Protein chains: 2
Amino acid sequence: MFSIGQLSKRTGVKIPTIRYYEQMGLIDEPERSEGNQRRYTKDGLSRLSFIRHSRDLGFSVEDIRGLLDLSQHPEKPCSDAHSIAAQHLQDVQSRITKLRRLERELKRITKCDAGNVATCAVIETLADHGLCETEH
Amino acid sequence: MFSIGQLSKRTGVKIPTIRYYEQMGLIDEPERSEGNQRRYTKDGLSRLSFIRHSRDLGFSVEDIRGLLDLSQHPEKPCSDAHSIAAQHLQDVQSRITKLRRLERELKRITKCDAGNVATCAVIETLADHGLCETEH
DNA sequence: CTTGAAGCTCTAGTGGCTAGAGGAATTATA
DNA sequence: TATAATTCCTCTAGCCACTAGAGCTTCAAG
């Protein structure tokens, strides 16, 4: 049996976040001590690790709800899990593409070495979209 | 003079967002018509464009506050603008790095072609961090 | 002068937490 | 065993950058 603090240390999920997940229904309400403190089992620990890991990979809480549900039903086909993951992969890739464009633009405008704001490329570019090299 | 709707169309910023920026103090309160509707000048238009453009580049509202302030003082050295932009560039770059790692991991786990959840790599990987190839 | 679009203010909700108040329980030390 | 230090409890509110909706008023075209 783990206290919430121990669970937090083992998983790297902060205490208020664990309580938040409980509220959102991602983890079951655990047993309580005589004094009403949460007491977790190994199962609780592994479920929380699953959640933590999924969050690290950027899945939304809703996605995780689906993935957790699937993981409880080993007999189901895994195509559902795949479509969640594949969709998420697409999201990640499109975010990367956008950020790469930003990066290029930011690199370009931070090269400016003007002395003051009047001729500064950062300010100028922000004020005038036409100066941009790429779409965004 | 533009109505809020015209301003919205010209800048691509949604109407409630314009009012939100006003509330946040990013744009001045504009004049009003006799019937209390907002009426904007060209100055208002270009200020909002500046904001829109900065948001597109991913600057936070706080950053923009600083950049706007600088843009009103053309005599100031532009090193302040640079440090805001350079810091932001760093943020963007570190986000890209993280997303690239995610992408690799997601690609790997979505390659699984198992029939059901019991042996599905997506579920398995999420449950067991040890199966991951890279840090994240 | 009517009608329909566009505007107004105000409140509340989004996601995924995080912070703080004010108190109770547990654990470690004396 | 007494006390002190730490951890835990619930509850409310805040973060960012909007977005949605209710209920009302004003504007512009015909």
Side-chain angles (χ1 to χ4, degrees), chain A residues 1-27 29-40 44 47-48 50-68 84 87-88 91-92 95 98 102 136, chain B residues 1-27 29-40 44 47-48 50-68 84 87-88 91-92 95 98 102 136:
Chain A
M1 292 298 222
F2 313 107
S3 70
I4 197 168
Q6 289 167 330
L7 201 68
S8 171
K9 270 202 191 108
R10 274 166 181 263
T11 58
V13 180
K14 288 184 188 159
I15 291 173
T17 306
I18 297 175
R19 292 196 276 245
Y20 168 77
Y21 289 154
E22 184 183 320
Q23 228 183 298
M24 295 298 100
L26 282 193
I27 54 184
E29 291 185 24
E31 289 179 38
R32 299 286 183 132
S33 72
E34 285 186 12
N36 198 36
Q37 300 196 350
R38 289 168 178 83
R39 291 294 177 261
Y40 296 89
R47 194 173 168 96
L48 186 57
F50 185 106
I51 295 169
R52 167 77 214 254
H53 194 180
S54 305
R55 287 293 301 140
D56 280 351
L57 288 168
F59 288 98
S60 73
V61 164
E62 278 321 297
D63 281 348
I64 296 172
R65 207 187 292 282
L67 292 169
L68 274 168
I84 293 173
Q87 175 61 57
H88 182 52
D91 289 355
V92 167
R95 267 191 282 164
K98 275 188 199 154
L102 278 189
H136 47 245
Chain B
M1 291 297 219
F2 313 108
S3 68
I4 197 168
Q6 290 167 330
L7 200 68
S8 170
K9 269 200 192 108
R10 276 166 180 263
T11 57
V13 179
K14 290 187 186 153
I15 292 174
T17 307
I18 297 174
R19 292 197 275 244
Y20 167 75
Y21 288 154
E22 184 184 320
Q23 227 182 297
M24 295 300 99
L26 282 193
I27 55 185
E29 292 187 22
E31 287 179 40
R32 299 286 183 131
S33 72
E34 286 188 11
N36 199 36
Q37 301 195 350
R38 288 170 178 81
R39 292 293 177 260
Y40 296 90
R47 195 172 168 97
L48 186 56
F50 186 104
I51 294 170
R52 167 77 214 256
H53 194 180
S54 305
R55 287 293 301 141
D56 280 351
L57 289 168
F59 288 98
S60 73
V61 165
E62 278 321 296
D63 281 349
I64 296 172
R65 206 186 294 281
L67 292 168
L68 275 168
I84 293 173
Q87 175 61 57
H88 181 52
D91 289 355
V92 168
R95 267 191 282 164
K98 275 188 198 155
L102 278 189
H136 48 243

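Just so we're clear, the structure is a prediction, and the values are computed from it rather than from any experiment. So that the names make sense, note that chain A is the first sequence line, chain B the second, and so on, each numbered from 1. Just so it is clear, the values below take in all heavy atoms, side chains as well, and ignore hydrogens, waters and symmetry mates.
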Listed nucleotide nearest any side-chain atom of [X], set [options]:
X       : options               : result
A/Ile4  : C/dT9, C/dG16, D/dC9  : D/dC9
B/Ser33 : D/dC9, D/dC27, C/dT18 : D/dC27
B/Arg39 : D/dC9, D/dA17, D/dC27 : D/dC27
B/Gln37 : C/dT18, C/dC8, D/dT10 : C/dC8

Interatomic distance, [X] [atom1] vs [N] [atom2] [rounded to whole Å]:
X       : N      : atom1 : atom2 : answer
A/Tyr20 : D/dA13 : OH    : P     : 18 Å
A/Phe59 : C/dG16 : CZ    : C1'   : 17 Å
A/Ile27 : C/dC17 : CD1   : P     : 12 Å
A/Asn36 : C/dG23 : CG    : P     : 17 Å
A/Ile18 : C/dA19 : CD1   : C1'   : 16 Å
A/Glu29 : D/dT10 : CD    : P     : 9 Å
A/Gln6  : D/dC8  : CD    : C1'   : 12 Å
B/Met24 : D/dC16 : CE    : P     : 9 Å

Reading DNA chain C from 5' onward, which residue's closest nucleotide shows up sooner: B/Gly5 or A/Pro16?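 That would be B/Gly5.
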
Identify the heavy atoms of [X] and [Y] that sit nearest to each other, and give their distance.
X       : Y       : answer
B/Arg39 : B/Pro30 : O-CB, 3.5 Å
A/Arg52 : A/Gly12 : NH1-O, 2.9 Å
A/Tyr40 : A/Arg38 : OH-CD, 3.0 Å

Is [X] close enough to [N] that one of its side-chain N or O atoms is under 4.0 Å from OP1 or OP2 there?
X       : N      : value
B/Arg38 : C/dC8  : yes
B/Tyr21 : D/dA17 : no
B/Arg19 : C/dC8  : yes
B/Ser3  : D/dC27 : no
B/Arg32 : D/dT26 : no

Using heavy-atom distances to pick each residue's nearest nucleotide on DNA chain D, tell me which of B/Glu62 and A/Gln23 is more 5'. A/Gln23

Select from B/Glu34 and B/Val61 the residue whose nearest nucleotide in DNA chain D is closer to the 5' end of that strand.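 Checking each residue's closest nucleotide, the 5'-ward one belongs to B/Val61.
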
Check whether A/Thr11 reaches the backbone of A/Leu7 with its side chain - one donor and one acceptor, N or O, closer than 3.5 Å. yes

Residues A/Arg19, A/Glu22: salt bridge by 4.0 Å N-O rule: no

